[in-house]
Every structure is written in structure tokens, then in C-alpha cells.
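Written out below as C-alpha cells is the structure these notes cover.
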2 protein chains.
Amino acid sequence: MSQDLPTTSYALLGLLTFGDDLSGYELKQRADRTLRFYWVSPAMSQVYTELARLTELGLVHARDDTTAPTRSTRRYQITAAGRRDLQRWLASTAVEFPALKHPVALRLLMGHVVDPETSRSMLDGYLTMLAERRAELQTVRDSLVLDPESAVDRFRFPRMVADWGLDYYASERAMVEELIRRVDTDPP
Amino acid sequence: MSQDLPTTSYALLGLLTFGDDLSGYELKQRADRTLRFYWVSPAMSQVYTELARLTELGLVHARDDTTAPTRSTRRYQITAAGRRDLQRWLASTAVEFPALKHPVALRLLMGHVVDPETSRSMLDGYLTMLAERRAELQTVRDSLVLDPESAVDRFRFPRMVADWGLDYYASERAMVEELIRRVDTDPP
DNA sequence: GGCGACTTATTCCTAGTAGGAACAGTACTC
DNA sequence: GAGTACTGTTCCTACTAGGAATAAGTCGCC
């Protein structure tokens, strides 16, 4: 029916399938919490732009939450049409290969224009960042416990993806440690 | 001295440190060949935009290659100032964490809105893409033989980064195979 | 020798994305 | 009751992505 939207639109639409009506602000928080490990988290402004578009297309429904005292917050929920569109997109066979911007690999590639210590300390710094990231994702993973309230366990797939991410951080760590050994060994 | 440029500018500048004067077109080819495994390859138009800026800043030098019969091709080489700026950038401690857009992880995250076969066949398709990518990178790796012509082995770091990429594809494959097993097992 | 297909080379246009600033009300806390 | 932090939304600008348009050169081949 409709043309494909940018992938980020579907990412936000997908976050709304986990229940609760969210404001743009809350949706951004949910993206920062769970999505960012696999998808560059959209900027605040972009979240609102996407929500406006999805509302226009009837894929989400906006209602003004007037329960709040003076202030009105707009809350969004996915519509039946939105869910259908998401399913159609998920079933489409054309899945792109992951896009990566890896500043550490990029800088290491140019190692011949600096002294080895520069590359070495960059890799050390990356190991530290990796450990932090892994700890953050572990916290998210721990919060995704089996949900006995709902008939289908909504968190089954998020758990699988989080475990995948944790495995990735573990193997990335091992690979970087190996790289550090190779940098330390002077050119043979 | 100068403010930091976008990372892609340094990526292109870095590609010019491996010798040879390149046209915009050739630079794009070099990026597509080696860089794309670690950094989203800039579009043609962006390569020319960056080269114009780098020329403006005196970091690359452009000269019109008039050896070609009627047609004139502009060839670019990195200047001493460009090399200094690249070294300064490489030595800066503020290295960002890799940015990832992983459509497969994103789609798997929403597995609860489609039937398991959809997720399963998506993962199968990803395994195929991974194998192709790995083969492409292996070809690049094989071409990076030790260069006895130059005093410093220019390809030492590209080899390290390529090996890192190959290791990554191998572990990603193992992780995806594990995910397929988990998707096939019905919810416990 | 000229037709077609492919490669090299560059520029232009448009939509999408990033990032931050601006604005404003709410809640806490000292 | 003043300051600070958090919630919530909008606006602005520069940058990036992606493709189309243009054009000249090369190669085979009939």
C-alpha cells in the first residue's frame, strides 16, 4: 500500500508495540534506553518530526493528555493500520546489511602516520568504553524479565537481541586485546 | 590550530596517505574497496564536496592532470599541512564509540508482532549476506601483502584492521546461528 | 567506421539527519 | 521564594545520503 518509510520511522513505531502510550519525550527515553545499542538513537527533534509524519499517515494516534494539571502532554499509540504497516515492513525480504561507523577501526587503519603509542592508547581507551557499554546493556538485559502478565512474552525478542549484543561486546573485547598485542609487537 | 572537521574528511585524508595522487572518482573507489567495512562509504557527491573543502583549507593539493588527451582530470594529493592535521586528529584522545545501524537486530527486536518464520528467514538471509561480505573482505585482505618497496610497511595497519573485520564476521556468524536456534525453539 | 555498452569524471538537486538552542511549565530542595 | 533539574515541544541550520544528469573516453565488434 504505502511506500517504505525511513527505517527510523519503523524503529519508533516498533517501540510503541510494547504497550503504554508515550509522549515524544518518553519515546526518546525508550529509544535511548534499549534501541541505541543496535540503532543510532534519533535526536529529540527527529522523534517529533517522525511522530508528526506517522500521525499524518494514520499509523499512530495522538491524543492530548489533559489529566495533567495545566500542562497538556501529547501521548501517542500505534493504530491498527500502523501495526499492519509494521508487519508488512518486517515481512519484506529486502533487508539491508548493517551500516557501521567505527572510529577506532578507522584511526587504526592510519596507524602508519603516528607512533605506535598513539594507536595503543586509543585501543586501551576503547576497551574502557566497551566495558562501560557492556555494563549498561547488562542492566537493560536484567530488566527484561519474563512478563507473566501478558499472554505472549513481549520481552522474549528484546532479551534475545540484548544477549546478542552482550556476546558481541565480549568478542569485540577479545579481538581488541589481540590487536593491542599486535601493535605492541614491533613490525616483524 | 583548526577546528575538527567531520570524521569522513579525515577518513578521505587518510586514504590519501597510502601514496598515489587520486581523482575524486578513484578516491571513491578506494573508499568502496577498503574503507566501507569500517566506515559508511561517502557518496560520490560527498567525496567531491569534501575534496573541495580540503583544498580550500590547504590540506590537499589539486592539480589538473593534462597528460590525458582532451579531457582534464583533477588529481589530489595530501599536503604537509594535511598530514600534520591528520596526525593531530589521530592523537586527540576524544574517540567516539562506534555508531551502528543494524536492521537485522532492529527487526528481530520486534519479533513479537510477526510469526516466527518471518524472523527465521530474515536471519537466514543475513547469514548469506554475511558470507558474501566476508568473502569480499578476504579478497581485500589477500591483496594487502607486505610491501618490500617502501621502508615502512604501509599495509601493516590495513592488514590488522582487515583481520579484525574477518574475526568479527566469523563471530557474528556464530551468534546468528545461535539466534536461529533460539527462534526455532518455541517459547518455553 | 560507427553503433552500443561500459567506465571514468564531475556536478546538481532534494530529502533526510544531526545537533543544538530556545522556550516554558513542573518538581524538588535548601 | 530562589535555584536547579527534569519534562515537554518546537525551531533553525548545517550536514549527509542518494540519486539523477551530464559528458567525455574506451572497448569490442559487425
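Only this structure's heavy atoms are used, side chains among them; waters, hydrogens and symmetry mates stay out. By convention in this document, chain letters (A, B, ...) are assigned in the order of the sequence lines, proteins followed by strands, and residues within each chain are numbered from 1.
Between dT11(C) and Arg74(B), a contact under 4.0 Å exists linking OP1 or OP2 to a side-chain N or O. Look at Arg53(B) and you won't find any side-chain N or O under 4.0 angstrom from OP1 or OP2 of dA14(D).
Taking the side chain to side chain donor-acceptor pair (under 3.5 Å) definition, one finds that Ser9(B) meets it with Glu50(B), sequence neighbours left out. Gln87(B) is linked by a side chain to side chain donor-acceptor pair (under 3.5 Å) to nothing, counting only residues two or more places apart in sequence or in another chain. Partners of Arg75(B) according to the salt bridge (charged side-chain N to carboxylate O under 4.0 Å, His left out) rule, which considers only residues two or more places apart in sequence or in another chain, are Glu26(B), Asp65(B).
At whole-Å resolution of the value, CD in Gln46(A) and C1' in dG20(C) are 14 Å apart. When rounded to the nearest whole Å, the span between NZ of Lys101(A) and C1' of dT16(D) equals 7 Å. Across the protein-nucleic acid pair, Tyr48(B) atom OH and dA9(C) atom P stand 7 Å apart, rounded to whole Å. As rounded to whole Å, 13 Å separates atom P of dA9(C) from atom CG of Asp64(B). The separation between Arg63(B) atom CZ and dA9(C) atom P is 13 Å, rounded to whole Å. When the P atom of dT16(D) is taken as reference, atom CG of Leu12(B) falls 11 Å away, rounded to whole Å.
The salt bridge (charged side-chain N to carboxylate O under 4.0 Å, His left out) analysis of residues 39-48 of chain B, with sequence neighbours excluded, yields no pairs.
A heavy atom closer than 4.0 Å to some atom of DNA chain D occurs in Gly24(A), Tyr25(A), Glu26(A), Gln29(A), Met44(A), these being the qualifying members of residues 24-44 of chain A.
Between Tyr126(A) and Phe97(B), the ring-plane angle classifies as tilted under the 30° and 60° cut-offs.
With Ser23(B) contributing its side chain and Arg74(B) its backbone, the two residues share no donor-acceptor pair below 3.5 Å. With Ser171(B) contributing its side chain and Tyr168(B) its backbone, the two residues share a donor-acceptor pair below 3.5 Å.
Judged by distance alone, with hydrogens and angles left aside, Ser45(B) brings a side-chain donor or acceptor within reach of the base of dG18(D), the pair sitting under 3.5 Å.
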What verdict does the side-chain contact (heavy atoms from CB on, under 4.5 Å) test give for Leu16(A) and Leu54(A), after you've listed the backbone C-alpha separation in whole Å, the side-chain angles of each residue and the deciding distance to 0.1 Å?
CA-CA 12 Å; Leu16(A) 289 173; Leu54(A) 294 172; 5.7 Å; no

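Salt-bridge annotation for Arg133(A) and Glu172(A): absent, with no side-chain N of the basic residue lying under 4.0 Å from a carboxylate O of the acidic one.
Over its full length, the helix from dG1(C)-dC30(D) to dC30(C)-dG1(D) turns its helical axis through 20°, comparing axes from the five pairs at each end and rounding to 10°.
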